[in-house]
Amino acid sequence: MSDLHIRCAAPTDVDAVLRFWRTAAEGTSISDDRDGVGRLVARDPEALLLAERDGALVGTVIAGFDGWRCSAYRLAVAPEYRRQGIATALMEAAEQRFTALGGRRVDAMVLEANERAHHTWAASGYHREDHWRRWVKPLRG
């Protein structure tokens, strides 16, 4: 993986990330727009990690930390680059960030229907907690 470069996203990456997620990420979020991703990068410039190979965006993960909980979102790898260790490298970078910030545990948001992702997370040492459920309420239309 020496040809893989992982870096933090910059404001100029927002449009490319949104295009990437349309093909590489499963599902959508209410925050999948320029304003949502732009706010993330502005508020926490080290949270959105990008994996690049030969200058091309091939993977992402959001490694969010609010001072209490480490949260991983949007772990996505371009379909043609899957099974090459990119997700593992991204999660290792996220976990290094969390450890440096004093994090104690990572919570990962994984779509229930995305069984391929379940295997990826399990292979990285994560396990499902069935006693929790996510409750949501959109704040705007």
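Values below: all heavy atoms of this structure, side chains included; hydrogens, waters and symmetry mates excluded. Keep in mind the model is a prediction, meaning the values are calculated, not measured. Residue indices begin at 1 and follow the sequence shown.
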- Message: Quick one: does any side-chain atom of Asp54 pair with a main-chain N or O of Ala56 as donor and acceptor, under 3.5 Å?
- Response: no

- Query: For atom CD of Glu95, is the number of surrounding heavy atoms from other residues, nucleotides or ligands below 6.0 Å larger than 12?
  - Reply: yes

- Task: Please tell me if the side chains of Cys8 and Leu49 come closer than 4.5 Å, counting only heavy atoms from C-beta onward.
- Result: yes

- Message: What I'd like to find out is whether the side chain of Trp21 reaches to under 4.5 Å of the side chain of Val37, using heavy atoms alone.
- Response: yes

- Task: Kindly compute the distance separating CG (Leu57) from CZ (Phe20), expressed to the nearest 0.5 Å.
- Result: 5.0 Å

- Rounded to the nearest 0.5 Å, what separation is found between the OG1 atom of Thr99 and the CD atom of Glu92? 11.5 Å

- CG of Leu75 to CD of Glu26: how many Å apart, nearest 0.5 Å? 11.5 Å

- Query: To the nearest 0.5 Å, what is the distance between CH2 (Trp68) and CZ (Arg105)?
  - Reply: 7.5 Å

- Message: I'd like to know if the side chain of Arg69 and the backbone of Asp107 have a donor-acceptor N/O pair within less than 3.5 Å.
- Response: no

- Heavy atoms of Phe98 and Val106 approach each other most closely as CD1-CG2, 3.5 Å

- Task: Please report the shortest heavy-atom distance between Val61 and Ala94, naming the atom on each side.
- Result: CG1-CB, 4.3 Å

- Message: Checking the side chain of Arg97 only, and the main-chain atoms of Glu46 only, is there a donor and an acceptor separated by less than 3.5 Å?
- Response: yes

- Query: What distance do Asp44 atom CG and Leu101 atom CG have between them, rounded to the nearest 0.5 Å?
  - Reply: 8.0 Å

- Task: Considering non-hydrogen atoms only, spot the tightest contact between Val41 and Pro11 and give its length.
- Result: CG1-N, 3.7 Å

- Task: Search all heavy atoms of Leu4 against all heavy atoms of Ala89 and return the closest pair with its distance.
- Result: CD2-CB, 3.7 Å

- Note on the structure: What one should report as the nearest heavy-atom pair of Ala76 and Ala24 is CB-O, 3.8 Å

- Query: Do Arg74 and Leu90 have side chains that get closer than 4.5 Å, going by heavy atoms?
  - Reply: no

- Message: So Arg53 and Ile86, do their side chains get closer than 4.5 Å, heavy atoms only?
- Response: yes

- CG on Leu48 to CZ on Arg43, rounded to 0.5 Å: 14.0 Å

- Message: Minimum heavy-atom separation for Leu40 and Ala47, please, with both atom names.
- Response: CD1-CB, 4.0 Å

- Task: Count the heavy atoms of every other residue, nucleotide or ligand shown that sit under 6.0 Å from CZ of Arg34, and state whether that count exceeds 12.
- Result: no

